[in-house]
Amino acid sequence: MNDVTDGKNFGVNFYGSEKLPDSTQLVAQFQKIVDNRFARWIVTRMTGQKEFEHILGVFAKVEEPKTVREIAQAKVIEAALKRAMKTFKVDNLDLVREALKERYVRKGVALTLRSVAKYGITRPQVFDAPLMIVWNLTKQCNLSCKHCYANAGPKNPDELTLEEKLKVIDILDEAGVTMIAFSGGEPLMSRDFWKVAEYASMKGMFTSIATNGTLLTKSVVDRLAQIGIRYVEISLDSADPAIHNEFRGQPRAWERTVEGIKNVVEKGVFDNAIATTATHYNYNRIGEMVDLAVSLKVRRFIVFNFVPTGRGKEIINEDLTPQERESLLDFLYTKWQSKVGPDIFSTSPEYSRIGINRVLEGTGKTYAPTHFASLETDSSGIAMAEFIGGCGAGRIYAAIEDNGDLEPCVFLPIKAGNVLKDNFKELWNKAKILTDLRSRENLKGACATCPFKYSCGGCRARAYGYYGDYLESDPGCVINQKAYEEIVLKFDRIEKEETGNENLAVVPSN
């Protein structure tokens, strides 16, 4: 694949231009739903997030209508949903009604309806508020990981107070945010975590935690269940304790983390995952990690893209080459389709392209248009990937720092504003970096011409980490082999100039 150097060639080389998914018919189908009289009525009469949520609750028969008008509105929702179900070839309205009994599902559906009403159908879909927020609740951490994007360690003196954190939840709830993932640092080191997470759960949000796992004793796991945490993601970077402990900077970190994973799985109430960051520390032994995930009976195994930000800048030479990443993603997809155990995802948006290609070839039935969801389909359903859209930074999700700063992604540390100091809705709708990221027409280089730009879009954080430009091409994709080689030479030259060591190599051989 070394000869793949431009987007147009890339599409043909991978599956031929005649097999490229045509999304125009799906757009037309969606547009019929949006433009029909029911949708227009919804747009003009039901503009508030809370009103949408309530009427969906009436439809699901978990909330009582307060007026005759609300009964009529629920009927309109039912009619609109039936039209949408026909498009998606879903025929069981009772399953939809059952799903809508969950408050977070109603939040998500209400936000989606509002977004389509406001923006129409876009590729990928633009949302009127982030569907998900990753909140770095604190900088405190008990480990010293080599790749830490947050430079975690001691508590930041500017960290929000408990009262301010609860106010942030109110703001996000009002906007329609559906999911909150608490991260850090290590969120379990924050005394405020428990009250803030419980408050978010009470608001009907889907709450999750990303943790290094070392503090997940049985009592802590019990308490997570009590406050309504639904998903627990635990970082583990190697099946070899010595490698993990060296990478994480603490002896016995591996042993404590594995014990934490066992406690979470044994509890039996959480969706859960092992999260691994792929670098040269573990690239050749990811298969062992999959085997460990199977043996520990986790539900998901997620391989994170390495992004040179935070402390990660110091180990940029441990990043994978485009060919290594391609081989890894192909290996992960093959393992996933063999149904060896957990669902297997990657935060690399190129993973969507791997799945699309396999479905079109007939060698796969599932693809992951984003790193937290999958679709089982044939080639007729591939066009959906362009609406879900791969990288969701600033479009479908955003990040909040411990001081309230809003960023498009935890790996893309560019401040858009502050949730408490600025109007959140205005920030989301008008901040330049967020609006830039929402249109794939703004992309540069190979990503601009790639036929997968709507379903993948490249990792914007990696583009920024390498080029200082979040709209540049993702240097981790095989489409960008030449650009990657050029930038490796650039970093190699800079490092040699800074250290005077002529023997340095940016990408070591394995």
Side-chain angles (χ1 to χ4, degrees), residues 143-149 210-214 216 231-266 270-307 312 315-348 350-351 354-355 358 363-364 366 368 371-372 374 476 478 507-510:
L143 299 183
S144 303
C145 307
K146 292 180 183 293
H147 65 320
C148 181
Y149 62 80
T211 171
N212 63 44
T214 60
L216 290 173
Y231 173 65
V232 182
E233 185 176 282
I234 306 164
S235 297
L236 188 68
D237 291 302
S238 177
D240 183 334
I243 293 175
H244 177 82
N245 292 343
E246 198 251 323
F247 194 66
R248 295 278 167 171
Q250 289 288 338
R252 292 194 56 77
W254 188 93
E255 291 80 359
R256 294 165 62 193
T257 296
V258 169
E259 187 63 29
I261 294 170
K262 291 178 179 177
N263 291 337
V264 167
V265 172
E266 183 182 321
F270 306 104
D271 190 6
N272 55 74
I274 287 176
T276 296
T277 299
T279 64
H280 284 122
Y281 279 89
N282 58 10
Y283 167 68
N284 286 323
R285 302 179 71 174
I286 293 293
E288 295 174 14
M289 279 299 303
V290 175
D291 293 340
L292 180 60
V294 172
S295 69
L296 292 173
K297 299 180 180 179
V298 296
R299 296 182 183 179
R300 301 183 187 193
F301 177 66
I302 305 176
V303 176
F304 272 67
N305 243 356
F306 168 78
V307 180
I315 59 166
I316 195 169
N317 60 318
E318 301 297 344
D319 194 9
L320 304 186
T321 68
Q323 290 295 337
E324 288 170 337
R325 181 171 285 100
E326 186 75 8
S327 297
L328 175 60
L329 295 177
D330 195 64
F331 166 79
L332 293 173
Y333 186 86
T334 300
K335 279 287 191 181
W336 184 24
Q337 296 306 287
S338 68
K339 307 297 182 184
V340 295
D343 287 331
I344 299 176
F345 295 98
S346 173
T347 62
S348 174
E350 290 87 358
Y351 195 51
I354 295 283
R358 290 291 201 94
T363 57
T366 312
H371 67 272
F372 50 81
S374 62
V478 287
V507 181
S509 58
N510 290 323

Review point. Residues in ring pair (Phe, Tyr, Trp, His ring centres under 6.0 Å) with Tyr333, at least two apart?
Key: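 Counting only residues at least two positions away or on another chain, Tyr333 forms a ring pair (Phe, Tyr, Trp, His ring centres under 6.0 Å) with Trp336.
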Of the non-hydrogen atoms in [X] and [Y], which two are nearest, and what is the gap between them?
X      : Y      : value
Thr257 : Asn212 : OG1-O, 2.8 Å
Tyr351 : Ile344 : OH-O, 3.0 Å
Phe304 : Ala275 : CE1-CB, 3.6 Å
Ala278 : Val303 : CB-CG1, 3.7 Å
His244 : Asp237 : ND1-N, 3.1 Å
Ile302 : Glu233 : CD1-OE1, 3.5 Å

Practice item. Begin with the C-alpha distance, continue with both residues' side-chain angles, and end with the deciding distance and a verdict on side-chain contact (heavy atoms from CB on, under 4.5 Å) for Asn263 and Glu259. Key: CA-CA 6 Å; Asn263 291 337; Glu259 187 63 29; 3.7 Å; yes
Under 3.5 Å, which donor-acceptor pairs link side chains of residues 289-299 to any protein atom two or more places apart or in another chain?
| unit_1 | atom_1 | unit_2 | atom_2 | d |
| --- | --- | --- | --- | --- |
| Ser295 | OG | Leu292 | O | 2.8 |
| Arg299 | NH1 | Phe270 | O | 3.4 |

Practice item. Could you check Arg358 against Thr334 for side chain to side chain donor-acceptor pair (under 3.5 Å), going step by step and ending with a plain yes or no? Key: CA-CA 9 Å; Arg358 290 291 201 94; Thr334 300; 2.7 Å; yes
Review point. Are any non-hydrogen side-chain atoms of Glu288 and Asn282 less than 4.5 angstrom apart?
Key: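 They are not in contact (no side-chain heavy atoms under 4.5 Å apart), so the answer is no.
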Check your understanding: Say you draw a straight line from CZ of Arg300 to CD1 of Ile234; how long is it, rounded to the nearest 0.5 Å?
Key ->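 Answer for the CZ-CD1 pair, Arg300 versus Ile234, is 13.5 Å.
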Practice item. Check the side chains of Ser348 and Glu350 for a donor-acceptor pair under 3.5 angstrom, ignoring hydrogens and angles. Key: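 Present: a donor and an acceptor within the cut-off.
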Exercise for review: Taking side-chain contact (heavy atoms from CB on, under 4.5 Å) as the test, write out the residues that go with Pro241, two or more places apart.
Suggested key: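 Pro241 satisfies side-chain contact (heavy atoms from CB on, under 4.5 Å) with Asn245, Trp254, Glu255 once adjacent residues are dropped.
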Check your understanding: Short question: side chain of His280, backbone of Leu320 - any donor-acceptor pair under 3.5 Å?
Key ->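 No; zero donor-acceptor contacts below 3.5 Å.
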Exercise for review: Would you sort out whether Tyr149 and Thr277 count as a side-chain contact (heavy atoms from CB on, under 4.5 Å), showing the intermediate values?
Suggested key: CA-CA 12 Å; Tyr149 62 80; Thr277 299; over 6 Å; no
